[in-house]
Number of protein chains: 2
Amino acid sequence: MPRPRQALLSPDVIADAAMALIDSGSPFGVNALARRLGVTASSLYHHVDGHDAIIELVRGRLVRRYTPDLPRGTWEEIVERTVRLQRAMYAGHPALVPLIVGKTITDEGVIEQYDVLATALVEGGFPRADVLSIVAVIDSFALGFGLDLASPENIWEPENDTRTLGALIADGPSGRERSDRAFEVGLAVLLDGLRSRLAASAPPDPEH
Amino acid sequence: MPRPRQALLSPDVIADAAMALIDSGSPFGVNALARRLGVTASSLYHHVDGHDAIIELVRGRLVRRYTPDLPRGTWEEIVERTVRLQRAMYAGHPALVPLIVGKTITDEGVIEQYDVLATALVEGGFPRADVLSIVAVIDSFALGFGLDLASPENIWEPENDTRTLGALIADGPSGRERSDRAFEVGLAVLLDGLRSRLAASAPPDPEH
DNA sequence: ACCTGAACACCGTTCAAGT
DNA sequence: ACCTGAACACCGTTCAAGT
């Protein structure tokens, strides 16, 4: 079946199938993807630039889907909304997370999200020299908790006795509920920490 | 060369070579590892339980090397020391980080570190029900910044103009220095956030 | 007990050949 | 322009055969 009159593939078709494959839980790969599409792996290379480019395509789509409009508000609102949106995205597509770690971000839509964040922090009064670091902190935070969603049920499996850890694991929730609670605690810690830092760098308005 | 009088391999020999392979920057795999050891990949399976078990072996060794004695002190000191030790370990062996994400921790030495942390937080006055979440927050934090070390020089590559992000990237440091700065900011935010949380859950001593 | 070599079911990518 | 099939250099794991 060489060269049908109407092309079988396109970047969109490939991205859709890639997302379905990732969400199915089966390991992602160009061969597995081609199989799903009823096509040879080499065919994909006529439309996209290989494995990593497909992942970046999927990331871009998801970010656009999960952030319909650019957030407005105070830096606190924007930080919280950004982190919660990322959380929702990773929760909806946990198997994507291990695939995107350590890949350079080039997608315009994703860059724009980080730009909004950076702008909000500068306008919020954080020292310019710190803002990129703070964006990285927020990013690390979101990614770390995204990986938590992609992790096995039990992160720790103590075989011997422990002083505290074993009992805490036995007493508390597991799986998604454990992860959600940790996320909420983490988000509160993050926002509190940022507020303290802002207060320390820009002393409160002398009028008060 | 079947069955030499003195065994060529052992878990220790394999772990040493695995660490050298990982630190060399070449992609890790059982085949590549066997090649380095001048041995067949199948030989490894007489001593260790495959790819993931080798990674867990390396993790255990490194944790033991980087934490010679169990930390003592206030919860703040223990949290800070734990995070800094993990940071040092990941900085020394960045290529290990992507290999350990999402793998269940079974190594006794590693479990013990988390147990010390959990115990310190309980004794420090954090609500028992929150402690496991807080340990997960600290873990996500350390892992997120570890991944930052394993990431390419440029995390963001904006192609179009941006309002703020592009200028911040151009003005600030890159590579290791950027990562280190972000880590320091993140650690300060983490500790501040934890202090606020503790103060909110356990109101200050009425004597003061 | 320990190592090999062959086998199996995979990877990601390139490229000449076909229409 | 678009798809195929073969090729290349890899993966991780199993297992019978050899000493």
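Note: hydrogens, waters and symmetry copies are ignored here, and every other heavy atom, side chains too, is used. Throughout, protein chains are lettered first and strands after them, A, B, ... in sequence-line order, and every chain is numbered starting at 1.
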Side-chain (B/Arg181) to main-chain (A/Ser133) donor-acceptor, under 3.5 angstrom =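 Checking the backbone N and O of A/Ser133 against the side chain of B/Arg181, no donor-acceptor pair under 3.5 Å is found.
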
Donor-acceptor under 3.5 Å (B/Asp115 side chain, A/Arg163 main chain) =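 Flag set: sc B/Asp115 to bb A/Arg163 pair under 3.5 Å.
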
ask   = Distance between the P atoms of D/dC10 and C/dA9, in whole angstroms?
value =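 Approximately 22 Å lies between the P atom of D/dC10 and that of C/dA9.
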
query = Is the shortest heavy-atom distance from the side chain of B/Asp148 to the side chain of B/Arg178 under 4.5 Å?
reply =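 In contact.
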
request  = Searching all strands shown, indicate the nucleotide that pairs with D/dC10 (Watson-Crick or G-U wobble; both distances under 3.5 Å).
outcome  =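 In the structure as shown, D/dC10 has no Watson-Crick or wobble partner.
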
Partner nucleotide of D/dG5 by Watson-Crick or wobble geometry (both distances under 3.5 Å) =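 In the structure as shown, D/dG5 has C/dC15 as its Watson-Crick or wobble partner.
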
request  = Quick one: sort the A/Phe183 and A/Phe141 rings into parallel, tilted or perpendicular, breaks at 30° and 60°.
outcome  =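 Aromatic pair A/Phe183/A/Phe141 classed tilted.
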
message = Using the side-chain heavy atoms of A/Asn31, tell me which of these nucleotides is nearest: C/dG12, D/dT4, C/dC10.
response =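 Selected nucleotide: C/dG12.
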
inquiry  = Using whole Å, what does the distance between atom C1' of nucleotide D/dC2 and atom CG of A/Leu37 come to?
reply    =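 Rounding to the nearest Å, CG of A/Leu37 and C1' of D/dC2 are 15 Å apart.
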
query = What is the distance, rounded to the nearest whole Å, between atom CZ of A/Phe28 and atom P of D/dC11?
reply =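 Answer to the nearest Å: 20 Å.
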
inquiry  = What I want to check is whether the side chains of B/Thr40 and B/Ser42 have a donor and an acceptor closer together than 3.5 Å.
reply    =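 B/Ser42 and B/Thr40 do not have a side-chain donor-acceptor pair below 3.5 Å.
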
ask   = In residues 40-55 of chain B, which residues come under 4.0 Å of DNA chain D by heavy atom?
value =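 Within residues 40-55 of chain B, the residues near DNA chain D are B/Ala41, B/Ser42, B/Tyr45, B/Gly50, B/His51.
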
query = Do other residues, nucleotides or ligands put more than 12 heavy atoms under 6.0 Å from A/Asp171 CG?
reply =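 Result for CG/A/Asp171: enclosed.
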
query = For A/Arg35 and C/dC11, is the shortest distance between a side-chain N/O and OP1 or OP2 below 4.0 Å?
reply =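 So the side-chain polar atoms of A/Arg35 do come within 4.0 Å of the phosphate oxygens OP1 or OP2 of C/dC11, strictly under.
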
